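These numbers come from a predicted model, not from an experiment. Because only heavy atoms are used, hydrogens play no part in the values below, and waters and symmetry mates are left out as well, while side chains stay in. Naming convention: chains lettered A, B, ... in sequence-line order (proteins, then strands); numbering from 1 in each chain.
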There are 2 protein chains.
Amino acid sequence: MDLDEIDWRILDLLQADGRLSFSEVGRRVALSAPAVTERVRRLEQRGVITGFRATVDPRAVGLPVEAIVRVRVRSLDTPRFRQHVLALPQAMDADHVTGEDCWLLRVVCASMLELEAIVEQAQRFGDTTTSLVFSSAVRGRPVTRETVEPVQGTNSRSTAS
Amino acid sequence: MDLDEIDWRILDLLQADGRLSFSEVGRRVALSAPAVTERVRRLEQRGVITGFRATVDPRAVGLPVEAIVRVRVRSLDTPRFRQHVLALPQAMDADHVTGEDCWLLRVVCASMLELEAIVEQAQRFGDTTTSLVFSSAVRGRPVTRETVEPVQGTNSRSTAS
DNA sequence: CTTGAAAAATGCCGGAA
DNA sequence: TTCCGGCATTTTTCAAG
């Protein structure tokens, strides 16, 4: 929560390239390598950095179909539904949300046939609404200081701030 | 696409911990460090690995509100809407999808007040439906061989396969 | 947080299966 | 091709200030 300017710069760098050496990070933020290592360790311990991951493009490994499946789960079935999606290897994200469609799944799969099977499985727990993803204009935007303290005047209405 | 067993094991390891040294990966898959480096380089070149990133928990940096905003963008406004969401630091994901709600935004922000402002901005482009995220049962599940070739008999209907 | 030294990892090369 | 071994360089790690 109380991150200083250097913490934010480190987060910027590591969200852009999670394999940057801590020496290199240190060079860019004008700190020694051990200092960076220690800051990163503390950011992880405080739960700010939750991990470092390689990101894989599903389309590049034979998963061209991406869809958002909204499921109106009957409340009694919620625990079983939770178990179900946890076991679904094609479910990349599953969010429990407010509103009529209690659950939102992001699913990737090899074909429409497979998507059909997945949606049919989900139907066991409630009504579904499925949308195919054309494209993603934004995916996993890094969290920056701007996200936390957005500046005013960024919108088209007030360009001449 | 044509990934062998070792490629999959490397992807498993690096999706779990993107900062593992390639020597360590090599130890675990019984390959020399240069061989791992070369495989990772090719996986990146083929677009399988799209990058390595640190993941940041928005809640840990003062962004406790997460919401999915569906926007029914009027088709003529789509290009401007695209520009708008690209400029929104709170939009973590933005997907163009089929169906009535042409766009799905995943938004994080500091307060309900801020969410209200963002939704009001989105309203300029079309009607919106907003759902608050209670929790995420799955977030960024790794892509595995199972995702590409799901085994049959995983579902509750056919446990005794 | 820094420095400095030991241990480990990386990058690059020629050569083997 | 794909992988291995070896060497120079860089990075990591750990101690001490």
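The interatomic distance linking B:Arg39 (CZ) with D:dC4 (P) rounds to 9 Å, in whole Å. Here the P atom of nucleotide D:dT2 and the CD1 atom of B:Ile10 are 12 Å apart, to the nearest Å. The interatomic distance linking B:Arg42 (CZ) with D:dT1 (C1') rounds to 8 Å, in whole Å. For the pair A:Glu38 CD and D:dT11 C1', the interatomic distance rounds to 17 Å; values are reported in whole Å. To the nearest angstrom, C1' of D:dT12 lies 15 Å from CZ of A:Arg41.
With respect to B:Glu44 and B:Arg41, no salt bridge is recorded, no charged nitrogen being found less than 4.0 Å from a carboxylate O. Salt-bridge annotation for B:Glu5 and B:Arg9: absent, with no side-chain N of the basic residue lying under 4.0 Å from a carboxylate O of the acidic one. A salt bridge links A:Arg39 to A:Asp4: one of the charged nitrogens lies within less than 4.0 Å of a carboxylate oxygen.
Partner A:Asp93 forms a side chain to side chain donor-acceptor pair (under 3.5 Å) with one of B:Arg106, B:Arg139, B:Arg141 and no other, that one being B:Arg139.
Aromatic ring pairs are classed by plane angle as parallel below 30°, tilted from 30° to 60° and perpendicular above 60°; the pair B:Phe81 and B:Phe125 is perpendicular.
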Using a 4.0 Å heavy-atom cut-off to protein, can you give one letter per nucleotide of nucleotides 8-14 of chain C, 5' to 3': B if the base is in contact, S if only the sugar-phosphate is, - if neither?
-SSSB--
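Between B:Val71 and B:Gly126, the shortest heavy-atom distance links the atoms CG1-O, 4.4 Å.
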